[in-house]
Amino acid sequence: MKSTASAPGKIILFGEHFVVYGIKAILCSIDRRITATSEFLDEKVVRITSSLGSAEVSTESLDNLDKLPQKFMKPFFHIAKNAFEENSYGKGLNITIKSDIPHGVGLGSSSASCIAVTASVNQLFKKLTREEVMQKLIEAERTIFQQSSGADTAVSTFGGLMLYDLKNGFHNIPVKNRLSFIIANSSQTHDTNSVVNQVRKFKEKNEALFKKMCEKEDQILSQATLAINQNDQIKIGALMMENHALLKEIGVSTDKIELLIKTAQKTSLGAKITGAGGGGCIIALVNDSSKAETLSNLSDISDCFIANIDYHGLDYS
Ligand code: PMV
């Protein structure tokens, strides 16, 4: 018996970094997915195969993953271990992970893979609801990223557009806008934790300025929420550019990102970093008349692709 589940990647439309200091953020899931397929094995091992590498751990060693060279695989073994314990299962498992989301560039590939693996492994025993999947995997994700806010996980599980802040958690934005983006990869991998620490240092050196920037970001978020509700794409694009200017000012842009932004701004409705920056990806909002030209210009200098908002989230199939 095989069990398959998939989950989408995500982009941050507004609010990255400032969200760490209590400002709201707007995220959405995108139509690029990670698919996990699980099946029982008679051998007492958990075997994981993915495009980033393979690993095998005997079922007796699932408690001791500290020596595992592929750190990013720890949550998957953790998910398997929990499912074995909860269901008193004593044999093995084979998990295959396929991805069409670039890895390590802020597009939510680790959350999406955790969701897909949690749903697919558990479905072999009992199909979980979205809420149950999310609860289990916030725990699993924290085995690699201790400060996970859970925002990536929520948007990838439920799909669509989401408003998030530290105090109130996440809320679905109940509109079905057909926004299209070009996502361009700087091919500079980033480490979210170190870019977040870098911003903390910027804040500590520039407290008054940073306070003003948070106020500005807060205004951008209020206007963006309204513009999204009204599907005012011109306004959304203009606000993305304002948001990017703040991200540049706090020091999370790079020369390559600035080149991508400048190129995208020539033809798109607006462009900005998505995620932590320090590398990673930019997003450019496009409409039907600007899509082909923006894609063509960006593809001369980067790996890029078109992404639309995904409204499905976790999918069992
Ligand atoms: O690059 P990503 O997708 O990991 O996004 C990080 C977003 C930050 O606001 C920089 C950090 C956070 O935990 O919200």
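Counting starts at 1 for both ligands and their atoms, following the listed order.
Taking only nitrogen or oxygen atoms, main chain and side chain alike, D152 does not reach within less than 3.5 Å of ligand 1. Residue G106 places at least one N or O, backbone or side chain, under 3.5 Å from an N or O of ligand 1. For ligand 1, the polar-atom distance check finds an N/O of H17 within less than 3.5 Å of one of the ligand's N/O atoms.
Annotation for ligand 1: atoms under 4.0 Å from non-hydrogen atoms of E16 are 9 (O). Applying the 4.0 Å criterion to heavy atoms of H190 picks out, from ligand 1, the atoms 1 (O). Annotation for ligand 1: atoms under 4.0 Å from non-hydrogen atoms of T192 are 1 (O), 2 (P), 4 (O), 6 (C). Contact atoms of ligand 1 toward V19: 9 (O), 14 (O) (distance under 4.0 Å to a heavy atom of the residue). Near K10, with a cut-off below 4.0 Å to any heavy atom, the atoms of ligand 1 are 3 (O).
At least one heavy atom of I12 sits under 4.0 Å from some atom of ligand 1.
Using a distance-only test at 3.5 Å, with no hydrogens or angles considered, no donor-acceptor pair links the side chain of S302 to the main chain of S299.
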Let me see the working for T267 and T294 under side chain to side chain donor-acceptor pair (under 3.5 Å), right down to the final yes or no.
-> CA-CA 6 Å; T267 48; T294 310; 2.8 Å; yes
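Within the set G9, C281, A276, the minimum heavy-atom distance to atom 1 (O) of ligand 1 is found for A276.
L259 is connected to I183 through a chain of hydrophobic side-chain contacts under 4.5 Å among Ile, Leu, Val, Met, Phe, Trp and Tyr, so both are in one cluster.
Residues in residues 32-67 take part in these ring pair (Phe, Tyr, Trp, His ring centres under 6.0 Å) pairs, two or more places apart or across chains: F40-Y89, F40-F125.
For the residue pair S3 / E39, no side-chain donor-acceptor distance below 3.5 Å is found, with atom types taken as modelled.
Checked for salt-bridge contact, K136 and E132 miss the test: no charged N lies under 4.0 Å from a carboxylate O. Checked for salt-bridge contact, D310 and R33 meet the test: a charged N lies under 4.0 Å from a carboxylate O.
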